[in-house]
**Student:** 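Structure incoming, see below.
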Amino acid sequence: MQFGLQASVVGGKTGGLMDWSVNNSYKNLKDMEPKSVMDVALIPIMEPIDGAPGTSDKADHTTKPRKKTMTSIYLKFFETTSDGKNRKCKFCGQSYSISTATGNLGRHLSNRHPGYDKSDDSVSTPVSQPIVVKKPQTQVKASRVDFDHLNWLLTKWLILASLPPSTFEEKWLSNSFKFLNPNVHIWSSEKFQAVLNEVFKSMREDIRCMLANVTSKVSITLEFWTSYQQIFYMSVSCQWVDEQWSFHRLLLDISRVPSPYGSSEIYQTLTKVLKLYTLESRVLSCTHDNSTNAFHAYHTLKEDLASQKPNPFCYVPCAAHALSSVIDDGLRSTKSVIAKIREFALEINSSSEMIEEFNQLTTTYQEGNWKFPLDVSARWSGTYQMLDIVRKASKTMEAIIRKHDETLGRLLLNSTEKNAINLIHTYLEPFYKTTNDICTNKLPTVGLVLFFMDHISETIAACRESRHSPDWLKNAAIDMGTKVRCYNDQVSNIFTYMTAILDPRIKIELIPESLNLENYLEEARSHFVRNYSTTHFSSMATSYGSTQELEDGGNNNVSFAEEIARKRRRATMGTATDELTQYLSEPTAPIPTDVLEWWKVNSTRYPRLSVMARDFLAVQATSMAPEDLFCTKGDEVERAKQSIPYSSIQCVLCIRSWIESGMKLKYKSTEIDYERLMELAGVGEDVAGCSEKKHK
């Protein structure tokens, strides 16, 4: 039996793409039940494998003599390890399990070592000879199915590397494949694009079905950028907390915002995305990058949603963008000095000798251990490391610069510059710790971020009022304070208040003073009663009663007194405000507490309040992952946004995001099983080994 994977594009439409053949009779995927590729067991046509039917109708591939012949041909190029569990290739040393089919070993030899059967039986280290590049000899005529497998592997590489399909128009890339096998056929860029379009449609439909089953409110986040083609884009992401208290984040779309890129165009583009996923009535909040046009578009959307439903809709300014802007103000006076330190770090990274010198000198001067290459990015993580070098390894830096005076002498810092860097390092250290905590936190809730921003406000105020701060630093602190107050003014509303107090680590005790208004608490109670009352959640009360019965093991012989006590407990729980009062009266949870895990454990105690918490804890404090803004990871994200043309950017970035969130790549409802493809390709010892263990 043989299975083939074939794709074709006719007239710009994808039809019959990826047809599976069984004994030379073809079926279209539409005629098949949706199933994974593993179910149909992709097998490339190379050599017959252990009695499986081959490609010829005349040959009897199930006979034992044929199997023995294969074994004697391939096994002489492998040696069994001392433990008897693996075989090692004598050419390259790659290991395979002892149970690996001999056909797979033969495929390894054909793919990796063309002409292997012309070599001596004993493989040893060759004597140095002139290098002669020979055209690889193909032992078996390559079949189309192998090349389609290769094309699907390249498709995933294209997606995960965030590259456009035009990548495969590069002549030397195709030549590299032809060097391995002159018959190799790589799909055209048009065909890759057609496949990406179909994969995008199939996976997007899965997301629509997934979101249709979400029972809680959702939040949306928006990001904007302009590409190298001068096209203005908006990414729309969706977040929610499911019934098992797991947090979910999904990229919904990468949309082009039409000219003139104003609030009206942003609003219309966003509305189309929400309607596509039928989210208009379930959106609770919108977090974006604080741009003026996005802010105006939010207000238009809020008015539109208010006319359709009575439920609230709130705006949250992005704390990450606000904090980044505040830090930039703090660094303004020392940018020229930081540029010199960055140039020094670049020189160190580019020379292995200097890296060795740096490590030796830091050991001598006891200036700590340093990881190379040094982070020299222009993002906050890289900039802070530049400050760190002067603060913690100044002797080493000076010694290296003096040793290489001709090339690095211009980078030597004077005492005034060193003093300025030390001051700004001390001042900005709380900012670095804040961004580091936000970036590494599993779920940086609105309450936690507001708690950090309140500490930032106090740090700025202390610097501004200190007698020891130089004028240039005080002036920077004044500008920084203005931006923080602007953020606080935008973020202070009843909805962020409710979101903050539903974080059990924050509650009212740690909420910022600017947000802790007495009337907000009463408004929160009113909102709770109005939207999460007993009448709306009668099923929750039933569930609560069922929980009590389960705790008794289903025992119906409960005392009369206990029955009365339970009725009173349920009556108490039925009063909505009592749940909120009881929750707020208890001590706050420690800061390291996993918020969602806390609510999962305590949801039976607060059946209605926990429903409200599920809605509001999905509200995002930042419009993007904080590490994408503050850390070097953001450089990779930015490169992907800038390197892909309009024709491919939506498909490539959306599919990549969906795969990284755990979804399987699908083509017309059929899952592409890449582990199986890798196993069939005979590459990836770990992949093959894991797969064999599963089969055992």
Side-chain angles (χ1 to χ4, degrees), residues 320 323-440 472-473 476 625-640 642-643:
L323 189 54
S324 178
S325 180
V326 169
I327 291 171
D328 283 344
D329 280 347
L331 294 169
R332 187 175 57 236
S333 300
T334 55
K335 279 188 175 180
S336 60
V337 185
I338 292 172
K340 292 170 71 174
I341 307 168
R342 182 171 279 113
E343 190 170 346
F344 168 78
L346 286 167
E347 292 286 347
I348 294 291
N349 283 345
S350 63
S351 170
S352 58
E353 293 179 2
M354 286 190 182
I355 290 175
E356 183 66 26
E357 288 177 14
F358 193 96
N359 285 329
Q360 290 176 357
L361 288 169
T362 51
T363 301
T364 302
Y365 294 131
Q366 297 183 342
E367 292 183 325
N369 297 317
W370 297 78
K371 181 180 178 181
F372 288 90
L374 297 170
D375 183 355
V376 294
S377 73
R379 297 183 182 274
W380 171 228
S381 63
T383 300
Y384 191 78
Q385 180 151 82
M386 299 305 100
L387 304 178
D388 251 357
I389 291 173
V390 176
R391 177 74 171 181
K392 300 176 181 178
S394 59
K395 292 180 180 179
T396 298
M397 179 180 176
E398 183 174 344
I400 291 177
I401 291 175
R402 290 190 182 281
K403 180 178 179 180
H404 302 274
D405 183 66
E406 290 186 6
T407 56
L408 303 181
R410 68 191 186 283
L411 305 179
L412 190 64
L413 303 184
N414 58 41
S415 58
T416 303
E417 290 172 328
K418 286 182 182 178
N419 184 54
I421 292 298
N422 287 330
L423 281 172
I424 201 68
H425 182 280
T426 302
Y427 173 50
L428 293 181
E429 187 174 10
F431 292 76
Y432 178 74
K433 290 180 177 178
T434 294
T435 55
N436 189 56
D437 278 2
I438 292 175
C439 289
T440 56
W472 63 267
L473 190 56
E627 61 268 25
D628 290 353
L629 184 63
F630 295 118
C631 305
T632 52
K633 181 186 174 186
D635 293 334
E636 179 188 344
V637 174
E638 192 65 25
R639 179 197 61 79
Q642 293 297 330
S643 63

**Student:** Would you call D329-R332 a salt bridge at under 4.0 Å N-O?
**Tutor:**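 Salt bridge present between D329 and R332.
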
**Student:** When rounded to the nearest 0.5 angstrom, what is the spacing between OG1 in T383 and CD1 in I338?
**Tutor:**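 Output value for this atom pair is 6.0 Å.
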
**Student:** Using the rule given for side-chain contact (heavy atoms from CB on, under 4.5 Å), can you reason through E343 versus V376, listing the C-alpha separation, both sets of side-chain angles and the distance that settles it, and then say yes or no?
**Tutor:** CA-CA 9 Å; E343 190 170 346; V376 294; over 6 Å; no

**Student:** Please report the C-alpha distance between M354 and L408 in whole Å, then the side-chain angles of each, then the deciding distance to 0.1 Å, and finally whether the side-chain contact (heavy atoms from CB on, under 4.5 Å) criterion is met.
**Tutor:** CA-CA 12 Å; M354 286 190 182; L408 303 181; 3.9 Å; yes

**Student:** Does a donor on one side chain and an acceptor on the other come within less than 3.5 Å for E357 and H404?
**Tutor:**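 E357 vs H404: donor-acceptor pair found between side chains.
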
**Student:** Decide, yes or no, whether a salt bridge links K418 with E398 under the criterion of side-chain N to carboxylate O below 4.0 Å.
**Tutor:** yes

**Student:** What are the two closest non-hydrogen atoms of G330 and I424, and how far apart are they?
**Tutor:** O-CD1, 3.2 Å

**Student:** Checking R379 side chain against G634 main chain: does a donor-acceptor pair fall under 3.5 Å?
**Tutor:** yes

**Student:** If I take atom CG from residue N414 and atom CD from residue E417, how far apart are they, to the nearest 0.5 angstrom?
**Tutor:**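 These two atoms lie 4.0 Å from each other.
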
**Student:** Looking only at non-hydrogen atoms, find the nearest pair between S333 and W472 and report the distance.
**Tutor:**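 What the structure gives for the nearest pair is CB-CE3, 3.6 Å.
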
**Student:** Quick check: do V390 and H425 have side-chain heavy atoms less than 4.5 Å from each other?
**Tutor:** no

**Student:** Give me the atom names and distance for the closest heavy-atom approach of A345 to L374.
**Tutor:** CB-CD1, 4.0 Å

**Student:** Without swapping roles, check the side chain of S394 against the backbone of R391 for a donor-acceptor pair under 3.5 Å.
**Tutor:**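 No; judged by distance alone, with no hydrogens or angles, the pair does not exist.
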
**Student:** Rounded to the nearest 0.5 Å, what separation is found between the CZ atom of F344 and the CG atom of N349?
**Tutor:**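 Those atoms lie 10.0 Å apart.
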
**Student:** With distance as the sole test, does S324 use its side chain to make a donor-acceptor pair with the main-chain N or O of A320 at under 3.5 Å?
**Tutor:** no

**Student:** Roughly how far apart are L428 CG and L331 CG, rounded to 0.5 Å?
**Tutor:** 5.5 Å

**Student:** Restricting to non-hydrogen atoms, name the atom on N359 and the atom on T363 that form the minimum distance, rounded to 0.1 Å.
**Tutor:** O-OG1, 2.9 Å

**Student:** Taking atom CH2 of W380 and atom CZ of F431, what is their separation to the nearest 0.5 Å?
**Tutor:**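 One finds 8.0 Å between CH2 of W380 and CZ of F431.
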
**Student:** For K371, is there any backbone N or O sitting under 3.5 Å from a side-chain donor or acceptor partner on N369?
**Tutor:**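 Not confirmed, N369 side chain does not pair with K371 backbone.
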
**Student:** Any side-chain donor-acceptor pair under 3.5 Å between S381 and D375?
**Tutor:**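 The answer is yes; a qualifying pair exists.
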
**Student:** Do K395 and L361 touch side chain to side chain, with heavy atoms closer than 4.5 Å?
**Tutor:** no

**Student:** Enter the distance from E627:CD to T632:OG1 here, rounded to the nearest 0.5 Å.
**Tutor:**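 Separation between the atoms: 10.5 Å.
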
**Student:** With side chains defined as the heavy atoms from C-beta onward, is the minimum distance between T434 and F630 less than 4.5 Å?
**Tutor:** no

**Student:** When you compare the side chain of I341 with that of I421, does any pair of heavy atoms fall below 4.5 Å?
**Tutor:**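 Side-chain contact under 4.5 Å: yes.
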
**Student:** Could you check whether any side-chain N or O of E367 sits under 3.5 Å from a backbone N or O of T396, counting only pairs where one atom can act as donor and the other as acceptor?
**Tutor:** yes

**Student:** So, for F372 and W370, which heavy atoms are closest and what is the spacing to 0.1 Å?
**Tutor:**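 So the minimum-distance heavy-atom pair works out to CD1-O, 3.7 Å.
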
**Student:** Are F358 and M397 close enough that some pair of their side-chain heavy atoms sits under 4.5 Å apart?
**Tutor:**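 No, every pair of side-chain atoms sits at 4.5 Å or beyond.
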
**Student:** Quick one: are N436 and Y384 in side-chain contact, heavy atoms under 4.5 Å?
**Tutor:** no

**Student:** Is the backbone N or O of I348 less than 3.5 Å from a side-chain atom of S351, with the two atoms forming a donor-acceptor pair by type?
**Tutor:**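 Such a contact is absent between S351 side chain and I348 backbone.
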
